[in-house]
Amino acid sequence: MAQPSNTEKRPRLTAERVLSTALGLADQIGINDLTIRRLAEALEVKPMTIYHHVPNKEAIIDGMVDLVFSEIEQPDPELDWKTAIRRRCASARVVLARHRWATPYMESRTSPGPATLSHHNAVLGCLRREMSIEMTAHAYATLDAYVYGFALQEANLPATGGEEMAALASNIIEQFPLAEYPHLAEFTMQHVMQPGYDFMQEFDFGLDLILDGLVRTAQH
């Protein structure tokens, strides 16, 4: 009996498969090193074959960003707006930590996909339950500036907590005279290098601060 060929074994190439493979590859090697040739190698096809399903690299990035948005929890209409938005922001941070290349691209696409549009629509609808349209604009901009900013910081930190962070902090303070930077030395030794420190905990504090401020402002 004839054995099936490699072509028969390989899953059929589709736009969805191109995009999901591109997403996984970008997570591994970064967006800058994601080329059509490397994507074709991962798919085990010729580079030109990809263009039968996705027209160009920009369209691939559009689709990848849409996949990232699809992973972020949308605000639950059954919850009060503050709880729903808090859960959405926390979900966004987790998703962006999983796709560290994605943050600069999340709001830069001029051809947004259905998941992107659905997400923005759901967030706006949640905020509009309690806020004017002007306040909704302020709230959305402030929340995303915080979430995206934190995600960028998290993606670029060499360490965020535990023994790795303590070792990093210890190495850094050894490189400067402590007497000349007393506040930095105090903060590093008495806070960052202490057991249990985790920079990620700052996200919850900052998010609650913003949400509490939005509640007060929206009530006026």
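Just so you know, these numbers use all the heavy atoms, side chains as well, and skip hydrogens, waters and symmetry mates.
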| task | Please lay out, stage by stage, how His99 and Glu71 fare under the test side chain to side chain contact (heavy atoms under 4.5 Å, CB included). | result | CA-CA 10 Å; His99 306 292; Glu71 296 179 19; 2.8 Å; yes
| query | Does the pair His138 and Met131 meet the rule for a side chain to side chain contact (heavy atoms under 4.5 Å, CB included), with working shown? | reply | CA-CA 10 Å; His138 297 325; Met131 301 179 186; over 6 Å; no
| field | Verdict with reasoning, Thr188 to Ile172, per side chain to side chain contact (heavy atoms under 4.5 Å, CB included) | value | CA-CA 9 Å; Thr188 302; Ile172 290 174; over 6 Å; no
| message | Using side chain to side chain contact (heavy atoms under 4.5 Å, CB included), reason through Asp208 and Arg86 one step at a time and then give a plain yes or no. | response | CA-CA 8 Å; Asp208 286 337; Arg86 193 187 193 289; 2.7 Å; yes
| Does CZ in Arg37 sit with more than 12 non-hydrogen atoms of other residues, nucleotides or ligands closer than 6.0 Å? | no
| request: Determine whether the side chains of His119 and Arg88 contain a donor N or O and an acceptor N or O closer than 3.5 Å. | output: yes
| Hey, would you say the Phe199 and Phe150 ring centroids sit under 6.0 Å apart? | yes
| query | Does His191 NE2 have over 12 foreign heavy atoms under 6.0 Å away? | reply | yes
| Do Phe176 and Leu168 sit in the same hydrophobic cluster, where Ile, Leu, Val, Met, Phe, Trp and Tyr count as joined when their side-chain heavy atoms come under 4.5 Å apart? | yes
| Just checking, is any N or O donor in the side chain of Asn121 or Ser118 under 3.5 Å from an acceptor N or O on the other one? | no
| said: Would you say Val123 ends up clustered with Leu79 if hydrophobic residues are merged whenever their side chains have heavy atoms under 4.5 Å apart, either directly or through other cluster members? | reply: no
| said: Does Gln194, at its CD atom, have more than 12 non-hydrogen atoms belonging to other residues, nucleotides or ligands within less than 6.0 Å? | reply: yes
